[in-house]
Amino acid sequence: MTDRFTGSFTQQEAIPEEGITAALEVLNSGRLHRYNVAEGEAGEVALLEQDFAAQMGAKYCLAVASGGYALATALRALDVKPGDKVLTNAFTLAPVPGAIASVGAVPVFVGVTEDLVIDLEDLAAKADQADVLMLSHMRGHLCDMDRLVEICDAQGLKVIEDCAHTMGARWSGVLSGRQGVMAAYSTQTYKHVNSGEGGLLISDDDALMARAIMLSGSYMLYERHLARPPVEAFEDVKYVTPNISGRMDHLRAAILRPQLRDLDTQCARWNDRYRVVEDGLRGTPGLTVVERPDQESYVGSSIQFLLLDWSEDKVNDVIHRCLARGVELKWFGGAEPAGFTSRYDSWLYAPSEPMPASDRVLKGIVDMRLPLTFSLEDCALIARIIRAEVSAVWQGA
(Lines give C-alpha, C1' and ligand atoms only; values in the text may rest on other atoms or scores of the structure.)
Protein backbone atom coordinates (compact mmCIF):
# COMPACT_ATOMS: atom_id res chain seq x y z
CA MET A 1 0.00 0.00 0.00
CA THR A 2 1.26 3.49 -0.88
CA ASP A 3 1.54 5.74 2.17
CA ARG A 4 -0.46 8.97 2.10
CA PHE A 5 -0.21 11.97 4.41
CA THR A 6 -3.58 13.25 5.64
CA GLY A 7 -2.60 16.30 7.74
CA SER A 8 -3.10 19.97 6.91
CA PHE A 9 -0.23 22.24 5.89
CA THR A 10 -2.19 25.33 6.97
CA GLN A 11 -3.48 24.23 10.40
CA GLN A 12 -1.78 26.04 13.26
CA GLU A 13 -1.74 25.23 16.93
CA ALA A 14 -4.40 26.78 19.16
CA ILE A 15 -3.72 30.11 20.84
CA PRO A 16 -2.41 29.44 24.38
CA GLU A 17 -5.03 29.54 27.12
CA GLU A 18 -3.21 32.46 28.73
CA GLY A 19 -3.61 34.43 25.52
CA ILE A 20 -7.29 33.53 25.22
CA THR A 21 -7.89 34.66 28.80
CA ALA A 22 -6.07 37.95 28.20
CA ALA A 23 -8.00 38.48 24.96
CA LEU A 24 -11.31 37.93 26.74
CA GLU A 25 -10.33 40.53 29.33
CA VAL A 26 -9.70 43.01 26.52
CA LEU A 27 -13.02 42.15 24.89
CA ASN A 28 -14.90 42.50 28.16
CA SER A 29 -13.32 45.91 28.73
CA GLY A 30 -14.30 47.14 25.27
CA ARG A 31 -10.97 49.01 25.11
CA LEU A 32 -9.37 47.61 21.95
CA HIS A 33 -7.60 50.73 20.65
CA ARG A 34 -4.02 50.95 21.87
CA TYR A 35 -4.47 54.41 23.38
CA ASN A 36 -7.81 53.58 25.04
CA VAL A 37 -6.61 52.62 28.52
CA ALA A 38 -7.97 53.04 32.01
CA GLU A 39 -6.33 55.25 34.62
CA GLY A 40 -2.99 53.74 35.63
CA GLU A 41 -3.18 51.04 32.92
CA ALA A 42 -0.33 50.61 30.41
CA GLY A 43 -2.32 48.53 27.93
CA GLU A 44 -1.47 45.27 26.18
CA VAL A 45 0.21 46.93 23.17
CA ALA A 46 2.62 49.01 25.23
CA LEU A 47 3.41 45.97 27.36
CA LEU A 48 4.00 43.84 24.25
CA GLU A 49 6.44 46.44 22.90
CA GLN A 50 8.26 46.50 26.21
CA ASP A 51 8.37 42.69 26.33
CA PHE A 52 9.69 42.29 22.78
CA ALA A 53 12.31 45.03 23.09
CA ALA A 54 13.69 43.30 26.19
CA GLN A 55 13.54 39.89 24.53
CA MET A 56 15.50 41.14 21.52
CA GLY A 57 17.95 43.26 23.52
CA ALA A 58 16.73 46.35 21.67
CA LYS A 59 16.10 49.79 23.10
CA TYR A 60 12.82 50.41 21.31
CA CYS A 61 9.90 48.54 19.79
CA LEU A 62 6.75 49.53 17.92
CA ALA A 63 3.80 47.17 17.37
CA VAL A 64 1.94 47.71 14.10
CA ALA A 65 -0.73 46.25 11.84
CA SER A 66 1.47 43.98 9.73
CA GLY A 67 5.03 43.03 8.88
CA GLY A 68 4.71 44.79 5.53
CA TYR A 69 3.59 47.97 7.26
CA ALA A 70 6.62 47.70 9.56
CA LEU A 71 8.93 47.49 6.52
CA ALA A 72 7.37 50.51 4.82
CA THR A 73 7.49 52.46 8.09
CA ALA A 74 11.20 51.70 8.41
CA LEU A 75 11.79 53.06 4.90
CA ARG A 76 9.85 56.23 5.69
CA ALA A 77 11.69 56.64 8.98
CA LEU A 78 14.94 56.49 7.00
CA ASP A 79 13.54 59.22 4.73
CA VAL A 80 13.56 57.08 1.59
CA LYS A 81 11.94 59.21 -1.09
CA PRO A 82 10.16 58.55 -4.40
CA GLY A 83 12.70 57.60 -7.03
CA ASP A 84 15.35 56.47 -4.54
CA LYS A 85 16.85 53.05 -5.17
CA VAL A 86 16.72 50.42 -2.43
CA LEU A 87 18.70 47.19 -2.64
CA THR A 88 16.86 43.99 -1.77
CA ASN A 89 16.91 40.24 -2.38
CA ALA A 90 15.86 38.69 -5.67
CA PHE A 91 14.59 35.73 -3.60
CA THR A 92 11.96 37.09 -1.25
CA LEU A 93 8.19 37.44 -0.94
CA ALA A 94 6.14 40.18 -2.59
CA PRO A 95 5.62 42.36 0.55
CA VAL A 96 9.34 43.26 0.52
CA PRO A 97 9.53 44.90 -2.92
CA GLY A 98 5.94 45.97 -2.27
CA ALA A 99 7.04 47.99 0.75
CA ILE A 100 9.75 49.66 -1.35
CA ALA A 101 7.30 50.46 -4.14
CA SER A 102 4.74 51.76 -1.63
CA VAL A 103 6.99 54.72 -0.80
CA GLY A 104 7.70 55.37 -4.47
CA ALA A 105 11.21 53.93 -4.33
CA VAL A 106 12.75 51.53 -6.85
CA PRO A 107 13.90 48.02 -5.86
CA VAL A 108 17.33 46.98 -7.09
CA PHE A 109 17.53 43.21 -6.88
CA VAL A 110 20.56 41.35 -5.56
CA GLY A 111 21.14 37.75 -6.54
CA VAL A 112 20.62 34.52 -4.59
CA THR A 113 23.07 31.67 -4.05
CA GLU A 114 22.43 27.93 -3.85
CA ASP A 115 22.41 28.39 -0.05
CA LEU A 116 19.24 30.50 -0.63
CA VAL A 117 20.84 33.63 0.82
CA ILE A 118 21.72 37.00 -0.70
CA ASP A 119 24.73 36.82 -3.02
CA LEU A 120 27.33 38.88 -1.16
CA GLU A 121 29.54 39.30 -4.23
CA ASP A 122 26.59 40.72 -6.15
CA LEU A 123 25.77 42.93 -3.14
CA ALA A 124 29.32 44.28 -3.08
CA ALA A 125 29.10 45.03 -6.81
CA LYS A 126 25.79 46.90 -6.45
CA ALA A 127 26.36 48.54 -3.06
CA ASP A 128 27.10 51.96 -4.56
CA GLN A 129 23.68 52.12 -6.24
CA ALA A 130 21.67 52.88 -3.08
CA ASP A 131 21.80 54.14 0.48
CA VAL A 132 19.57 51.43 1.97
CA LEU A 133 19.52 47.64 1.85
CA MET A 134 16.27 45.93 2.80
CA LEU A 135 17.69 42.52 3.66
CA SER A 136 15.19 39.68 3.53
CA HIS A 137 16.14 36.61 5.56
CA MET A 138 13.94 34.70 3.17
CA ARG A 139 12.49 31.44 4.45
CA GLY A 140 14.71 31.65 7.53
CA HIS A 141 18.09 31.46 5.77
CA LEU A 142 20.77 33.74 7.24
CA CYS A 143 23.71 34.81 5.11
CA ASP A 144 27.20 35.45 6.50
CA MET A 145 26.11 38.45 8.53
CA ASP A 146 29.68 39.37 9.47
CA ARG A 147 30.62 39.75 5.82
CA LEU A 148 27.37 41.53 4.98
CA VAL A 149 27.90 44.12 7.72
CA GLU A 150 31.47 44.63 6.50
CA ILE A 151 30.24 45.31 2.94
CA CYS A 152 27.48 47.66 4.09
CA ASP A 153 29.67 49.57 6.53
CA ALA A 154 32.32 50.10 3.85
CA GLN A 155 29.73 51.62 1.52
CA GLY A 156 27.68 53.41 4.19
CA LEU A 157 24.61 51.29 3.43
CA LYS A 158 21.91 51.37 6.11
CA VAL A 159 20.36 47.93 6.64
CA ILE A 160 16.70 47.22 7.38
CA GLU A 161 16.33 43.55 8.30
CA ASP A 162 13.19 41.71 7.25
CA CYS A 163 12.99 39.05 9.98
CA ALA A 164 9.55 37.70 9.14
CA HIS A 165 11.04 34.18 8.97
CA THR A 166 13.85 34.52 11.53
CA MET A 167 12.26 35.57 14.81
CA GLY A 168 14.41 33.72 17.36
CA ALA A 169 17.19 32.80 14.90
CA ARG A 170 20.82 33.82 15.44
CA TRP A 171 24.06 34.30 13.51
CA SER A 172 27.16 33.58 15.61
CA GLY A 173 25.02 33.98 18.70
CA VAL A 174 23.57 37.36 17.68
CA LEU A 175 19.79 37.49 17.36
CA SER A 176 18.46 38.09 13.86
CA GLY A 177 17.44 41.72 13.60
CA ARG A 178 20.24 43.15 15.71
CA GLN A 179 22.71 44.00 12.91
CA GLY A 180 20.55 46.52 11.06
CA VAL A 181 19.47 50.03 12.02
CA MET A 182 15.88 48.73 12.11
CA ALA A 183 14.34 45.27 11.93
CA ALA A 184 10.79 44.20 11.10
CA TYR A 185 8.99 41.04 12.23
CA SER A 186 5.66 39.56 11.22
CA THR A 187 3.04 38.03 13.51
CA GLN A 188 0.85 36.83 10.65
CA THR A 189 -0.68 33.37 11.13
CA TYR A 190 2.07 31.44 9.34
CA LYS A 191 4.94 33.09 11.22
CA HIS A 192 6.57 32.19 14.55
CA VAL A 193 3.93 33.87 16.69
CA ASN A 194 0.34 34.18 15.53
CA SER A 195 -2.07 37.10 15.81
CA GLY A 196 -3.63 36.66 12.37
CA GLU A 197 -1.94 39.83 11.17
CA GLY A 198 0.56 42.10 12.89
CA GLY A 199 4.11 43.36 12.92
CA LEU A 200 6.87 44.47 15.27
CA LEU A 201 9.59 47.02 14.49
CA ILE A 202 12.73 47.40 16.63
CA SER A 203 15.62 49.86 16.66
CA ASP A 204 18.23 51.39 18.95
CA ASP A 205 18.11 54.71 17.08
CA ASP A 206 16.24 57.52 18.87
CA ALA A 207 15.43 59.55 15.78
CA LEU A 208 14.35 56.62 13.62
CA MET A 209 12.02 55.18 16.24
CA ALA A 210 10.55 58.59 17.10
CA ARG A 211 9.66 59.04 13.42
CA ALA A 212 8.27 55.50 13.22
CA ILE A 213 6.01 56.05 16.23
CA MET A 214 4.68 59.30 14.75
CA LEU A 215 4.17 57.61 11.37
CA SER A 216 2.17 54.79 12.98
CA GLY A 217 -0.50 57.24 14.14
CA SER A 218 0.42 58.12 17.71
CA TYR A 219 -0.98 61.65 17.39
CA MET A 220 0.54 63.34 20.46
CA LEU A 221 0.13 60.26 22.68
CA TYR A 222 3.66 58.93 22.20
CA GLU A 223 4.44 59.30 25.91
CA ARG A 224 2.13 56.32 26.53
CA HIS A 225 4.65 54.04 24.79
CA LEU A 226 6.84 52.11 27.24
CA ALA A 227 9.55 51.11 24.72
CA ARG A 228 10.11 54.53 23.14
CA PRO A 229 12.94 57.05 22.84
CA PRO A 230 13.14 59.98 25.28
CA VAL A 231 10.41 62.61 24.86
CA GLU A 232 13.03 65.04 23.52
CA ALA A 233 13.51 62.84 20.45
CA PHE A 234 9.99 63.70 19.29
CA GLU A 235 10.42 67.47 19.36
CA ASP A 236 11.88 67.80 15.87
CA VAL A 237 9.52 65.30 14.22
CA LYS A 238 6.12 65.50 15.86
CA TYR A 239 4.73 68.31 13.66
CA VAL A 240 6.40 67.36 10.36
CA THR A 241 5.87 63.58 10.26
CA PRO A 242 2.71 62.40 8.48
CA ASN A 243 0.24 60.16 10.29
CA ILE A 244 -0.01 56.92 8.28
CA SER A 245 -2.08 54.96 10.75
CA GLY A 246 -1.13 51.34 11.21
CA ARG A 247 -1.32 50.66 14.93
CA MET A 248 -1.70 47.25 16.56
CA ASP A 249 -4.71 46.82 18.86
CA HIS A 250 -4.88 45.43 22.40
CA LEU A 251 -6.61 42.22 21.28
CA ARG A 252 -3.76 41.06 19.07
CA ALA A 253 -1.15 42.17 21.60
CA ALA A 254 -2.90 40.14 24.32
CA ILE A 255 -2.76 37.03 22.12
CA LEU A 256 0.92 37.56 21.30
CA ARG A 257 2.47 38.20 24.70
CA PRO A 258 2.28 34.60 26.03
CA GLN A 259 3.42 33.23 22.66
CA LEU A 260 6.55 35.37 22.77
CA ARG A 261 7.39 34.06 26.24
CA ASP A 262 7.34 30.54 24.78
CA LEU A 263 9.28 31.39 21.61
CA ASP A 264 12.48 29.48 22.37
CA THR A 265 10.55 26.28 23.11
CA GLN A 266 8.55 26.64 19.91
CA CYS A 267 11.69 27.25 17.86
CA ALA A 268 13.24 24.06 19.24
CA ARG A 269 10.08 22.13 18.29
CA TRP A 270 10.22 23.47 14.72
CA ASN A 271 13.85 22.48 14.42
CA ASP A 272 13.08 18.94 15.61
CA ARG A 273 10.63 18.61 12.72
CA TYR A 274 12.97 20.28 10.25
CA ARG A 275 15.80 17.85 11.04
CA VAL A 276 13.56 14.81 10.58
CA VAL A 277 12.56 15.97 7.10
CA GLU A 278 16.10 17.08 6.25
CA ASP A 279 17.57 13.72 7.29
CA GLY A 280 14.91 11.91 5.28
CA LEU A 281 15.68 13.88 2.12
CA ARG A 282 19.46 13.86 2.29
CA GLY A 283 20.99 11.64 -0.39
CA THR A 284 17.91 11.61 -2.65
CA PRO A 285 19.11 11.39 -6.29
CA GLY A 286 18.54 14.67 -8.15
CA LEU A 287 17.62 16.57 -4.97
CA THR A 288 19.91 19.07 -3.25
CA VAL A 289 19.49 19.65 0.48
CA VAL A 290 20.30 23.22 1.54
CA GLU A 291 23.00 22.74 4.18
CA ARG A 292 23.03 25.21 7.08
CA PRO A 293 26.32 26.82 8.21
CA ASP A 294 27.62 26.21 11.73
CA GLN A 295 27.28 29.91 12.63
CA GLU A 296 23.54 29.82 11.96
CA SER A 297 20.96 28.97 14.62
CA TYR A 298 17.88 28.76 12.43
CA VAL A 299 14.14 28.32 13.01
CA GLY A 300 12.90 25.52 10.76
CA SER A 301 9.26 26.53 10.34
CA SER A 302 9.59 25.67 6.65
CA ILE A 303 12.04 23.67 4.58
CA GLN A 304 13.39 24.17 1.08
CA PHE A 305 15.25 21.90 -1.29
CA LEU A 306 16.56 22.32 -4.82
CA LEU A 307 15.77 20.45 -8.00
CA LEU A 308 18.55 22.14 -9.92
CA ASP A 309 18.47 22.04 -13.73
CA TRP A 310 15.28 19.98 -13.84
CA SER A 311 12.83 20.69 -16.65
CA GLU A 312 9.59 22.47 -15.80
CA ASP A 313 7.57 19.38 -16.71
CA LYS A 314 9.59 17.18 -14.37
CA VAL A 315 9.32 19.59 -11.43
CA ASN A 316 5.57 19.87 -11.98
CA ASP A 317 5.38 16.09 -12.07
CA VAL A 318 7.03 15.93 -8.62
CA ILE A 319 4.68 18.61 -7.27
CA HIS A 320 1.56 16.81 -8.55
CA ARG A 321 2.68 13.34 -7.50
CA CYS A 322 3.42 14.53 -3.96
CA LEU A 323 0.11 16.39 -3.78
CA ALA A 324 -1.72 13.21 -4.79
CA ARG A 325 -0.18 11.67 -1.66
CA GLY A 326 -1.18 14.60 0.56
CA VAL A 327 2.10 16.55 0.56
CA GLU A 328 1.76 20.20 -0.50
CA LEU A 329 4.92 21.59 -2.08
CA LYS A 330 5.30 25.10 -3.49
CA TRP A 331 7.61 25.87 -6.41
CA PHE A 332 9.30 29.23 -6.98
CA GLY A 333 10.27 28.33 -10.54
CA GLY A 334 6.91 28.49 -12.25
CA ALA A 335 6.35 30.91 -15.12
CA GLU A 336 3.38 32.47 -13.30
CA PRO A 337 3.06 33.37 -9.59
CA ALA A 338 0.97 30.86 -7.64
CA GLY A 339 -0.25 31.71 -4.15
CA PHE A 340 2.65 33.30 -2.32
CA THR A 341 5.33 32.07 -4.76
CA SER A 342 6.68 34.74 -7.07
CA ARG A 343 10.07 35.99 -8.23
CA TYR A 344 11.73 39.30 -8.94
CA ASP A 345 10.73 39.04 -12.61
CA SER A 346 7.07 38.60 -11.55
CA TRP A 347 6.85 42.10 -10.05
CA LEU A 348 6.28 44.23 -13.11
CA TYR A 349 6.16 47.42 -11.03
CA ALA A 350 9.86 46.88 -10.31
CA PRO A 351 12.27 47.05 -13.28
CA SER A 352 14.80 44.24 -13.44
CA GLU A 353 17.41 42.64 -15.63
CA PRO A 354 17.85 38.87 -15.95
CA MET A 355 20.33 37.32 -13.50
CA PRO A 356 21.20 33.93 -15.05
CA ALA A 357 22.94 32.41 -12.01
CA SER A 358 20.09 33.47 -9.71
CA ASP A 359 17.45 32.44 -12.24
CA ARG A 360 18.90 28.92 -12.24
CA VAL A 361 18.59 28.74 -8.44
CA LEU A 362 15.09 30.25 -8.36
CA LYS A 363 13.85 27.76 -10.94
CA GLY A 364 14.96 24.92 -8.67
CA ILE A 365 13.51 26.03 -5.30
CA VAL A 366 10.82 23.83 -3.79
CA ASP A 367 9.30 24.98 -0.52
CA MET A 368 7.21 23.33 2.20
CA ARG A 369 5.67 24.57 5.47
CA LEU A 370 6.30 22.65 8.69
CA PRO A 371 3.49 23.54 11.10
CA LEU A 372 3.86 22.48 14.72
CA THR A 373 0.66 20.48 14.34
CA PHE A 374 2.83 17.87 12.54
CA SER A 375 4.28 15.10 14.70
CA LEU A 376 7.81 13.81 14.17
CA GLU A 377 6.25 10.68 12.68
CA ASP A 378 4.31 12.89 10.24
CA CYS A 379 7.57 14.55 9.21
CA ALA A 380 9.26 11.20 8.61
CA LEU A 381 6.32 10.10 6.45
CA ILE A 382 6.38 13.34 4.47
CA ALA A 383 10.12 12.93 3.80
CA ARG A 384 9.57 9.35 2.60
CA ILE A 385 6.86 10.49 0.21
CA ILE A 386 8.97 13.31 -1.25
CA ARG A 387 12.00 11.03 -1.55
CA ALA A 388 9.99 8.36 -3.33
CA GLU A 389 8.33 10.72 -5.80
CA VAL A 390 11.49 12.71 -6.58
CA SER A 391 13.34 9.43 -7.14
CA ALA A 392 10.60 8.07 -9.38
CA VAL A 393 10.60 11.15 -11.61
CA TRP A 394 14.41 11.36 -11.59
CA GLN A 395 14.80 7.77 -12.68
CA GLY A 396 12.28 8.26 -15.42
CA ALA A 397 14.03 11.39 -16.65
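All residue numbers in this chain count up from 1 along the given sequence. Side chains are part of it too, since the values below use all heavy atoms of this structure and drop only hydrogens, waters and symmetry mates.
- When atom types are taken as modelled, the side chain of Thr284 and the backbone of Leu287 share no donor-acceptor pair closer than 3.5 angstrom.
- Heavy atoms only, all atoms of each residue included: Gly111 and Ser358 are closest at CA-OG, 3.1 Å.
- Counting heavy atoms from C-beta outward, Asp115 and Glu291 have side chains that stay 4.5 Å or more apart.
- Neither Leu226 nor Val37 shares a network with the other; the hydrophobic side chains, linked directly or stepwise wherever heavy atoms of I, L, V, M, F, W or Y lie under 4.5 Å apart, form separate groups for each.
- Linking ILVMFWY side-chain heavy atoms closer than 4.5 Å, directly or via other members, places Leu148 and Leu71 in two distinct hydrophobic clusters.
- Between the Asp84 side chain and the Val80 main chain, no donor and acceptor come within less than 3.5 Å of each other.
- Taking the ring axis of Tyr190 as reference, the NZ or CZ atom of Arg369 stays within 45° of it and closer than 6.0 Å to the ring centre.
- Asp144 places a side-chain N or O within donor-acceptor distance of the main-chain N or O of Asp146, the cut-off being under 3.5 Å.
- When the options Leu142, Thr92, Leu93 are evaluated for a side-chain contact (heavy atoms from CB on, under 4.5 Å) with His165, the one that passes is Leu93.
- Within the model, atoms SG of Cys152 and CG of Asp131 stand 11.5 Å from one another, a figure rounded to the nearest 0.5 Å.
- Heavy-atom neighbours of Lys191 NZ from other residues, nucleotides or ligands within 6.0 Å: above the threshold of 12.
- Pairing each heavy atom of His192 with each of Ser301, the nearest pair is NE2-OG, 2.9 Å.
- Salt-bridge formation is detected for the pair Arg252/Asp249: a Lys NZ or Arg NE/NH1/NH2 atom is positioned less than 4.0 Å from an Asp or Glu carboxylate oxygen.
- The pair Lys126-Asp122 counts as a salt bridge, with a side-chain nitrogen and a carboxylate oxygen less than 4.0 angstrom apart.
- Residues Val174 and Met145 are not in side-chain contact: their nearest non-hydrogen atoms beyond the backbone lie 4.5 Å or more apart.
- Counting heavy atoms from C-beta on, the side chains of Leu116 and Met138 never come closer than 4.5 Å.
- Remark: the Ser218 side chain and the His225 side chain contain no N/O donor-acceptor pair separated by less than 3.5 Å.
- There is a side-chain donor-acceptor pair under 3.5 Å between Asp206 and Tyr60.
- Ring-plane geometry between Tyr185 and Phe52 is classed as perpendicular, the angle between the planes exceeding 60 degrees on a 0 to 90 degree scale with a lower cut at 30.
- With 3.5 Å as the limit, one finds no donor-acceptor pair spanning the side chains of Asp313 and Ser311.
- Connection of Ile15 to Val193 is not established within any shared hydrophobic cluster, with ILVMFWY side chains joined at heavy-atom distances below 4.5 Å, either directly or through further cluster members.
- Looking at Gln266 and Glu13, their side chains do bring a donor and an acceptor atom within 3.5 Å of each other.
- Side chains of Leu135 and Asp162 form no contact here, defined as non-hydrogen atoms less than 4.5 Å apart.
- Judged purely by atom type and a 3.5 angstrom limit, Thr241 uses its side chain to pair as donor or acceptor with the backbone of Val237.
- Taking every heavy atom of both residues into account, Val240 and Asp236 meet most closely at CG2-O, 3.5 Å.
- Tested against Pro229, the residues Leu208, Ile213, Asp205 include a single side-chain contact (heavy atoms from CB on, under 4.5 Å) partner, Ile213.
- Criterion: ILVMFWY side-chain heavy atoms under 4.5 Å apart, direct or through other members. Under it, Val45 and Tyr222 are not part of a common hydrophobic cluster.
- One N or O on the side chain of Ser195 and one on the backbone of Thr187 form a donor-acceptor pair closer than 3.5 Å.
- Gln11 places no side-chain N or O within donor-acceptor distance of the main-chain N or O of Gly7, the cut-off being under 3.5 Å.
- Side-chain contact check for Thr189 and Asn194: at least one donor-acceptor pair (N or O, by modelled atom type) lies under 3.5 Å.
- At a cut-off of 3.5 Å, with distance as the only test, a side-chain donor of Glu161 or His137 sits close to an acceptor on the other residue.
- Using a 4.0 Å cut-off between a side-chain N of Lys or Arg and a carboxylate O of Asp or Glu, Arg261 and Glu18 qualify as a salt bridge.
- Salt bridge Arg178/Asp204: present, at least one basic N to carboxylate O contact under 4.0 Å.
- For the pair Trp331 (side chain) and Lys363 (backbone), a donor-acceptor distance under 3.5 Å is present.
- Nearest heavy-atom pair, Ala169 versus Val299, reported as atom, atom and distance to 0.1 Å: N-CG2, 3.8 Å.
- Annotation: cation-pi pair Arg292/Tyr298 present, NZ/CZ under 6.0 Å from the ring centroid and within 45° of its normal.
- Between Asp279 and Arg282 there is a salt bridge, since at least one side-chain N of the basic residue sits less than 4.0 Å from a carboxylate O of the acidic one.
- Shown here is Glu336, whose CD atom has no more than 12 heavy atoms of other residues, nucleotides or ligands within 6.0 Å.
- With no hydrogens or angles considered, no side-chain donor-acceptor pair links Trp171 and Ser176 at under 3.5 Å.
- Of the charged side-chain nitrogens involved, none lies within less than 4.0 Å of a carboxylate oxygen, so that Arg76 and Asp79 do not count as a salt-bridged pair.
- One finds a salt bridge joining Arg147 and Glu150 here, because a Lys/Arg side-chain nitrogen approaches an Asp/Glu carboxylate oxygen to under 4.0 Å.
- Atom NE2 of His33 and atom NE2 of His250 lie 8.5 Å apart (nearest 0.5 Å).
- Note that the SG atom of Cys163 and the CD1 atom of Ile202 stand 7.0 Å from one another [nearest 0.5 Å].
- A side-chain donor from one of Gln304 and Asp367 sits under 3.5 Å from a side-chain acceptor of the other.
- Of the possible polar contacts, none joining the Trp310 side chain to the Trp394 backbone as a donor-acceptor pair under 3.5 Å is found.
- Under the 4.0 Å criterion applied to side-chain N and carboxylate O atoms, Arg34 and Glu49 are assigned as salt-bridge partners.
- Ring geometry for Tyr344 versus Phe109: interplanar angle of 30 to 60°, hence tilted.
- Enclosure of atom CD in Glu235 by more than 12 non-hydrogen atoms of other residues, nucleotides or ligands within 6.0 angstrom is indicated.
- Taking all atoms of both residues into account, the shortest heavy-atom contact from Ala105 to Val86 is CB-CG2, 4.0 Å.
- Here CH2 of Trp270 is found 15.0 Å from CD1 of Ile303. Values are rounded to the nearest 0.5 Å.
- Scanning all heavy atoms of the two residues, the minimum distance from Asn271 to Gly300 falls at OD1-N, 2.7 Å.
- Annotation: the span from Ile382 atom CD1 to Phe5 atom CZ amounts to 4.0 Å, rounded to 0.5 Å.
- Applying the 6.0 Å contact sphere to NZ of Lys238 captures more than 12 heavy atoms from other residues, nucleotides or ligands.
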Practice task
Take Ile160 and Val132, measure what side-chain contact (heavy atoms from CB on, under 4.5 Å) needs, and give me the verdict at the end.
Solution key: CA-CA 7 Å; Ile160 300 169; Val132 175; 4.0 Å; yes
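- A salt bridge between Arg360 and Asp309 is present, with a side-chain N of the basic residue lying under 4.0 Å from a carboxylate O of the acidic one.
- Using a distance-only test at 3.5 Å, with no hydrogens or angles considered, a donor-acceptor pair links the side chain of Asp378 to the main chain of Ser375.
- Ser136 and Asn89 share no side-chain donor-acceptor pair at under 3.5 Å.
- Looking only at atom types and distance, the side chain of Tyr69 has no donor-acceptor partner in the side chain of Arg247 under 3.5 Å away.
- By the rule that hydrophobic residues join a cluster once side-chain heavy atoms approach within less than 4.5 Å of another member, Ile385 and Val289 end up as members of one cluster.
- Under the 3.5 Å distance criterion, the side-chain polar atoms of Arg387 are matched with a main-chain donor or acceptor of Gly280.
- Remark: Tyr349 OH is packed, more than 12 non-hydrogen atoms of other residues, nucleotides or ligands lying under 6.0 Å away.
- Taken to the nearest 0.5 Å, the CG atom of Leu370 stands 11.5 Å off from the CG atom of Asp272.
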